[in-house]
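Only a predicted model underlies this, so the values are computations on that prediction, with no experimental measurement involved. Residue numbering restarts at 1 for every chain, and letters A, B, ... go by the order of the sequence lines.
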Number of protein chains: 2
Amino acid sequence: MAATIHDVAKHAGVSIGTVSRAINNYKDISPETKERVFKSIKELGYTPNVIARGLSSKTTSNIGVIVSGLLDSNRFDNLWYMLLQGIYRYTSENDLEVAIYPTNSKEQTRKSYTKFCKERNIAGAIISGITITDVYFKELVNAEIPCVVIDVPMVGKKVGCVSVDNIKASAEITDYLISNNHTKLCVIAGKKTAAVTLDRMKGINQSVMSNGLQIDDEDILYCDFSQEIAYKNVREYIEKHDKSRATAFVCMSDIMAMGAIDAIKDCGYSVPGDFSVTGFDDIPVSQLISPALTTIRQDLIQIGYESAALLKKIIDDPSEAKHVYAQYQLMIRSSVRSL
Amino acid sequence: MAATIHDVAKHAGVSIGTVSRAINNYKDISPETKERVFKSIKELGYTPNVIARGLSSKTTSNIGVIVSGLLDSNRFDNLWYMLLQGIYRYTSENDLEVAIYPTNSKEQTRKSYTKFCKERNIAGAIISGITITDVYFKELVNAEIPCVVIDVPMVGKKVGCVSVDNIKASAEITDYLISNNHTKLCVIAGKKTAAVTLDRMKGINQSVMSNGLQIDDEDILYCDFSQEIAYKNVREYIEKHDKSRATAFVCMSDIMAMGAIDAIKDCGYSVPGDFSVTGFDDIPVSQLISPALTTIRQDLIQIGYESAALLKKIIDDPSEAKHVYAQYQLMIRSSVRSL
DNA sequence: TAAATTTGCAAAAACGTTTTCGTAAAAACG
DNA sequence: CGTTTTTACGAAAACGTTTTTGCAAATTTA
């Protein structure tokens, strides 16, 4: 039904090759012919078929987005959509197609990322929510498919990365806590194997040590970035130590901070009256909960945008692979009090 | 690099047509040959190229999702991502490809939806965030591309629709207000031309009239589903009438309810002490704000899922086009008090 | 057993592009 | 003016599938 390149060619009295050259701004064509072709294109309301182009052309403009958590339903902890927002902002500005591959943590039979990409002639992929040890990710890197990982600090052949400077940001918020005279800290950490957990821990330790303090292993609670686990662990911690061991909880995500706050309240204590709490991420609800959460704001939309931009660069020139640091901001609200 | 259907054919000693028949479960093939083909497929690690299939096959498994608001950044009012979540849940269960077309309300030069679909050999589209009068939508319907619209009650040739029963839900929440002795209501309405606005207004009126009450035009404030506009209008309304005219604000979205609550507070009044407020949607933050908002919960993930399922049905059999009603639930929280 | 039907597959034609190759005509050169 | 180079284009070969067509061989029917 729709006009094809053949229709345009016939209408303009040229060959399809010439039409293609006109569309793609190639050299081998005279200005007059080009104009004639464009006139026909307009008259017939022709638009190139993206699928056919994808098949024929070696260099595709398809990028893949591999995102975990999309299929899970968590009412608050939906970070992926902001990334997507940023990614789409870039791709719609730059005429890139995107294919989303929602991975499910539960589903065992996930398809290999590489397979997903090859099936779709994908030029490169943005990956979020994975750990460094992910086997499918390794396979993707080995296949030399350009990719950008979010929040995993690694740079390699055709692989770049975008994240905030987790070390610096964590040090900064810890400094803030210490400057408010909190010397006994309890860390609510994420998944033990996640790169962000390692980095944020490093930042917290840097701050603590440069202030002549230290954190015992007993005061690091790994909670897998889960609100429920954080609730449970903090509750146990307080029931065990009461107010003797820590005055503040340094949480590696807002979600876990929310769990911590709930636990503190359910133990009969108040925030920030009895315990101070900090988060990380600044998810939308963090400014609405009570007390409003002091946290590190990551602009995930920006991070998404930067990822897409970096990926495009790497696709065009593999030597562009690098670590891009996104901005962050310490949001001082009311979940921390000065001692 | 990757194995193609030709490699498999050669390896299995058959023609590519036979391989295709094996993959697609066609009849004209003997069990033995089929098995041999599958063995080769496995050995070579072959997966059919989605792009090539899309080009060749008449019946594609690509669906389009046309969604407004994706490119805009509103920190709270992000309903699209839940729809997407539901849609992807269905499509990953049913092996459908999805292409997202983020439309921007501001961008004048939007591409026609039809063009978007035809470029991508799209079998059908899910559309959200449009008004009935949208010209591109009309074009899509005329092109007889199967589609499902969310929140626009219209059923036609190859076009179905998914929404909650806005009339019934609005009547229900208004009934609740009236049963709490609120007889003087002010309606915070959405965009005047939006179908949901009309329906919800109808529901409110039904409830009001069956209770022997009525609503004057002066007590209907159109706020375009915007928090800011709702704030402004409610503020003006209260400054003009004080507490004489209405005791409760019936808002057609939670976002506008948040604006209304802010306005009430800034006028020196309290919710629900001086004014009661209800919302619609039950966005995640609604249970966290203070007071927690009494509202209608729409399960947008479910709505997304249903939309995709309905679209698939319509694609397979155009006579399946109909209006599917999704569940809703009155969430009674603390923004309404009994008089 | 001859004729008709069915089965199982190969061959080849799409699908709508991009890209390579070849070659007249035009332009530049010596 | 003859020769080389460049320009501008057509023809045709990919790209990796699905789908149509055709045809032997096997099976059923009469």
Between B/Tyr46 and D/dT17, does any side-chain N or O lie under 4.0 Å from OP1 or OP2?
yes
Is any side-chain heavy atom of A/Ser92 less than 4.5 Å from a side-chain heavy atom of B/Leu71?
yes
Between CG of B/Leu55 and P of C/dT17 the distance, given in whole Å, is 9 Å
Going by heavy atoms closer than 4.0 Å, what residues in residues 17-24 of chain B are next to DNA chain C?
B/Thr18, B/Arg21
Within the 4.0 Å heavy-atom criterion, would you say B/Ile29 contacts the bases, only the backbone, or no part of the nucleic acid?
sugar-phosphate
Considering every strand and a 4.0 Å limit on heavy-atom distances, what is the contact class for B/Thr60: base, sugar-phosphate, or nothing?
nothing
Under 4.0 Å: is that the gap between some side-chain N or O of A/Ser15 and OP1 or OP2 of D/dG10?
yes
With sugar-phosphate meaning primed atoms plus P, OP1 and OP2, does A/Val50 contact a base, only sugar-phosphate, or nothing at under 4.0 Å between heavy atoms?
nothing
Can you tell me the distance, in whole Å, between the CG atom of A/Asn25 and the P atom of C/dT18?
12 Å
Where each residue is assigned the nucleotide of DNA chain D containing its nearest heavy atom, which of A/Ile16 and A/Ser30 is assigned the position nearer the 5′ end?
A/Ser30
Hey, what do you get for CG (A/Asn24) to OG (A/Ser57), rounding to the nearest 0.5 Å?
8.0 Å
Expressed as a whole number of angstroms, how long is the span from A/Lys27:NZ to D/dT5:P?
20 Å
Would A/Asn49 and B/Lys118 count as having a side-chain donor-acceptor pair, cut-off 3.5 Å?
no
Donor-acceptor side-chain pairing of A/Ser61 and A/Glu97 below 3.5 angstrom
no
Using atom NZ of B/Lys118 as one end and atom P of C/dC15 as the other, report the distance to the nearest whole Å.
16 Å
In this structure, how many angstroms lie between the P atom of C/dG16 and the CZ atom of B/Arg120, rounded?
16 Å
Using the side-chain hydrogen bond (donor to acceptor under 3.5 Å, both in side chains) rule, take A/Tyr88 and A/Glu93 through it: C-alpha gap first, then chi angles, then the decisive distance, then the call.
CA-CA 8 Å; A/Tyr88 269 100; A/Glu93 283 168 5; over 6 Å; no
So, for B/Arg36 and B/Ala12, which heavy atoms are closest and what is the spacing to 0.1 Å?
NH1-O, 2.5 Å
Compare every heavy atom of B/Ile314 with every heavy atom of B/Gly160, then report the nearest pair and how far apart it is.
N-CD1, 3.6 Å
What does the inter-axis angle of the helix from C/dT1-D/dA30 to C/dG30-D/dC1 come out as, five pairs per end, nearest 10 degrees?
40°
Nucleotide nearest A/Ala52 when distance is taken to its side chain, options D/dA8, C/dT17, D/dG10:
C/dT17
Between A/Thr4 and B/Pro31, name the one whose nearest nucleotide on DNA chain C is closer to the 5' end.
B/Pro31
Mind calculating the distance between CD1 (B/Ile5) and C1' (C/dA10) to the nearest angstrom?
13 Å
Would you find more than 12 non-hydrogen atoms of other residues, nucleotides or ligands less than 6.0 Å from A/Gln327 atom CD?
no
Here's a test of your reading of the structure: between B/Asp28 and A/Tyr26, which maps to the more 5' nucleotide of DNA chain C?
B/Asp28
Rounded interatomic separation in angstrom, taking CG from A/Asn121 and C1' from C/dT17
13 Å
Could you go through the salt bridge (charged side-chain N to carboxylate O under 4.0 Å, His left out) check for B/Glu119 and B/Lys111 one step at a time?
CA-CA 11 Å; B/Glu119 274 179 7; B/Lys111 193 191 302 179; 3.3 Å; yes
More than 12 foreign heavy atoms under 6.0 Å from NZ of B/Lys34: is that the case here?
yes
Side-chain-base donor-acceptor pair under 3.5 Å for A/Ser57 and C/dT18
no
How long is the line joining NE2 of A/His6 and P of C/dA14, in whole Å?
11 Å
